[in-house]
Amino acid sequence: ERFYNMLIGFLGREGQPDMATLLFEEMLLEQVSPNNYTFTALINAYGRARMFSEAMEVFEHMKSCEAESRPNAVTCNTLIGVLCRGKKYVQAVEIFRQMKDGSHGLQKEKCKPSTVTYNTLIDAMCREGRIEEAVDVLADLASGQLDSAVVPDTVTYNIIIDACGKAGNARKAEQLVRGMEERALRPDNATYTALIDAYGKTGEIEKAEFTFRRMQKLGVRPDVLSYTALIASFGRNALLEKAEELFGEMQKQRVQPNEVTYLALIDAHGKAGQPRQAEKLFKAMASSGYKQNVYTYGAMMDAYGKCGEYQLVVNTFQEMRREGCRPNLITYAALLTACGRSENWEDALLMLYCLQQSGSEWE
RNA sequence: ACACACUUGAAACC
């Protein structure tokens with residue numbers, strides 16, 4: 001039963017709701033009884049795939065179950081999370097209200113909002129750009145005014161710190177880090193990575209590097225994401241050598257670069273006008289087992305474009321098509337930019353025509 | 001005891 005639950009959870013996260021359904025059916029055939037872990041994983045699988053009516057159906061079904069399988073706070077959080085992802089805020093808030101009231105078939109004791117509930121909602125607010133309000137909610141949570149049973153945790157702070165950073169407000173992000181420390185919450189890898197990213201985006205690269213070194217000193221071991229964030233920051237700020245140096249350091253520290261790390265490095269080489277080196281990385285990726293895909297081709301096309309190698313952009317595009325890789329909007333953007341810079345209007349028009357034929361979303 | 005379901009951080013178009 002746990003095996004099934006785990007697998008259904010995994011498939012849901014991977015965006016494979018159909019496989020999840022199949023597994024669920026098989027589970028029933030095998031007379032393995034589903035519990036609230038199973039149902040919650042299913043809600044997640046459907047919700048992530050924007051199959052909201054299916055998700056709601058499972059949720060309603062749970063309400064008619066025996067005690068063990070009735071919705072609990074995790075179930076509700078999951079539902080709120082997928083609704084927020086789909087921007088169905090009215091419904092998300094409605095579930096939140098029902099959790100607090102214990103109405104609509106939810107048991108008040110089992111469904112009390114938790115820190116995760118608030119974190120999910122705060123994250124949604126931030127993604128809508130309502131950071132000020134999110135900060136206010138955080139303050140009310142911290143003072144116990146909003147919910148006497150819930151206090152903010154590291155994730156709560158991380159969400160808002162990242163949002164401030166993305167909005168270009170590194171000062172506010174710093175202030176929040178101090179705020180979390182005052183509450184005896186330890187900044188973790190996500191906190192530092194968000195900060196590094198914030199500094200990288202404002203061009204305060206020495207602060208980004210300093211933050212990275214400080215986290216190491218404080219005993220938080222940088223993971224792939226932290227390394228990649230700093231590598232990308234170096235790249236963005238035209239510090240290719242530092243990026244490469246850090247790439248070497250991470251491997252010495254036994255932190256395996258992943259696909260995103262390589263993509264960041266390719267981009268850094270493109271920005272620095274080193275298409276040959278970018279190519280090398282592109283090939284190195286393939287030999288370390290990363291299959292070429294839209295992203296790798298896209299990064300390569302972009303790098304060539306930045307280096308003025310417009311013909312190579314087109315060649316890469318054709319290679320990508322030959323390999324049967326479906327282009328996305330980013331691919332076309334890279335192509336269009338290349339055509340524009342090389343004043344290759346025929347190809348640009350031809351491409352737009354192809355795009356139109358394939359009936360994709362217009363920007 | 002823990003275990004299987006929920007929330008946050010990195011690249012690329014903008």
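Since the structure is predicted, the reported quantities are computational estimates derived from the model, not experimental observations. Residue numbers begin at 1 in each chain, while the letters A, B, ... track the order of the sequences. Excluded from the calculations below are hydrogen atoms, water molecules and symmetry mates; all remaining heavy atoms, backbone and side chain alike, are included.
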Exercise. Which part of the nucleic acid, if any, lies within contact of A:N44, taking any heavy atom under 4.0 Å across all strands shown: a base, the sugar-phosphate backbone alone, or nothing?
Worked result: sugar-phosphate
For this session: Looking at every strand, decide which applies to A:T120 at a 4.0 Å heavy-atom threshold: base, sugar-phosphate, or nothing.
Result: sugar-phosphate
Exercise. Looking at RNA chain B, which of residues 145-184 of chain A put a heavy atom within less than 4.0 Å of it?
Worked result: A:V155, A:N158, A:I159, A:D162, A:K166
Exercise. Is a donor-acceptor contact shorter than 3.5 angstrom present between the side chain of A:N72 and the base of B:A5?
Worked result: yes
Exercise. Any chance the rings of A:Y89 and A:F96 have centres within less than 6.0 Å?
Worked result: no
For this session: Round to a whole Å and report the spacing from CG of A:N77 to P of B:U8.
Result: 12 Å
Exercise. Can a donor-acceptor pair under 3.5 Å be found between the side-chain atoms of A:D223 and the base atoms of B:G9?
Worked result: yes
Exercise. Any idea which of B:C4, B:C6, B:A12 is nearest the A:R2 side chain?
Worked result: B:C4
For this session: Report the distance from atom CG of A:N77 to atom OG of A:S114, rounding to the nearest 0.5 Å.
Result: 4.0 Å
For this session: Choose from B:C13, B:A5, B:G9 the nucleotide whose nearest atom is closest to any side-chain atom of A:Y37.
Result: B:A5
Exercise. Which is true for A:A334 with a 4.0 Å heavy-atom rule: it touches a base, it touches only sugar-phosphate, or it touches nothing?
Worked result: nothing
Seminar exercise, completed: Distance col, row A:I196:CD1 vs A:I205:CD1, nearest 0.5 angstrom, shows 9.5 Å
For this session: Whole angstrom is fine here: how far is it from CD in A:E209 over to P in B:A10?
Result: 20 Å
For this session: With the side chain of A:I330 defined as its heavy atoms from C-beta on, choose the nearest nucleotide among B:C13, B:A11, B:G9.
Result: B:C13
Exercise. Is it true that A:E279 and A:R276 have a side-chain N and a carboxylate O under 4.0 angstrom from each other?
Worked result: yes
For this session: Could you work out which one of B:C4, B:A10, B:A5 sits closest to the side chain of A:V74?
Result: B:A5
Exercise. A:L23 has an atom CG; how far is it from atom P of B:A5, in whole Å?
Worked result: 14 Å
Exercise. Counting only N and O atoms by type, is there a donor-acceptor contact under 3.5 Å from the side chain of A:N237 to the main-chain atoms of A:S233?
Worked result: yes
Problem set entry | Atom pair distance, as rounded to whole Å: CG in A:N328 and P in B:C14 | 13 Å
Problem set entry | RNA chain B contacts made by residues 81-114 of chain A, counting heavy atoms under 4.0 Å | A:R85
Problem set entry | Nucleotide nearest A:D123 when distance is taken to its side chain, options B:A11, B:U8, B:G9 | B:U8
Exercise. Contact class for A:T261 vs. all strands (heavy atom < 4.0 Å): base, sugar-phosphate, or nothing?
Worked result: nothing
Problem set entry | Atom-to-atom span, CD of A:E68 to C1' of B:C4 - whole angstrom | 14 Å
Exercise. Would a distance-only check, ignoring hydrogens and angles, find a side-chain to backbone donor-acceptor pair under 3.5 Å from A:K63 to A:H104?
Worked result: yes
Problem set entry | Any A:R13 side-chain N or O less than 4.0 Å from OP1/OP2 of B:C6 | yes
Problem set entry | Minimum-distance nucleotide (side-chain atoms of A:K306 versus B:C13, B:A5, B:C4) | B:C13
Exercise. Do other residues, nucleotides or ligands put more than 12 heavy atoms under 6.0 Å from A:R186 CZ?
Worked result: no
Exercise. Can you check whether A:K201 has a side-chain N or O nearer than 4.0 Å to OP1 or OP2 of B:A11?
Worked result: yes
Exercise. Looking at A:K207 and A:E174, does any basic side-chain N land under 4.0 Å from a carboxylate oxygen?
Worked result: yes
Exercise. Can we say A:E249 and A:R213 salt-bridge, meaning some charged N sits less than 4.0 Å from an Asp/Glu carboxylate O?
Worked result: yes
Seminar exercise, completed: Interatomic distance, CZ@A:F212 vs CD1@A:I231, rounded to 0.5 Å, equals 8.5 Å
Problem set entry | Among A:L230, A:L239, A:L265, A:T261, the one residue meeting side chain to side chain contact (heavy atoms under 4.5 Å, CB included) with A:L246 | A:L230
Exercise. Should A:R48 be listed as having a side-chain N or O under 4.0 Å from OP1 or OP2 of B:U7?
Worked result: yes
For this session: Whole angstrom is fine here: how far is it from CZ in A:R221 over to C1' in B:A10?
Result: 18 Å
For this session: Choose from B:U8, B:A12, B:A5 the nucleotide whose nearest atom is closest to any side-chain atom of A:R127.
Result: B:U8
For this session: Please work out if A:A232 contacts a base, only the sugar-phosphate, or nothing of the nucleic acid, heavy-atom cut-off 4.0 Å.
Result: sugar-phosphate
For this session: Just call it for A:A229: base, sugar-phosphate, or nothing, with non-hydrogen atoms closer than 4.0 Å on any strand.
Result: sugar-phosphate
Exercise. Just checking A:N258: base, sugar-phosphate only, or nothing, at a heavy-atom cut-off of under 4.0 Å?
Worked result: base
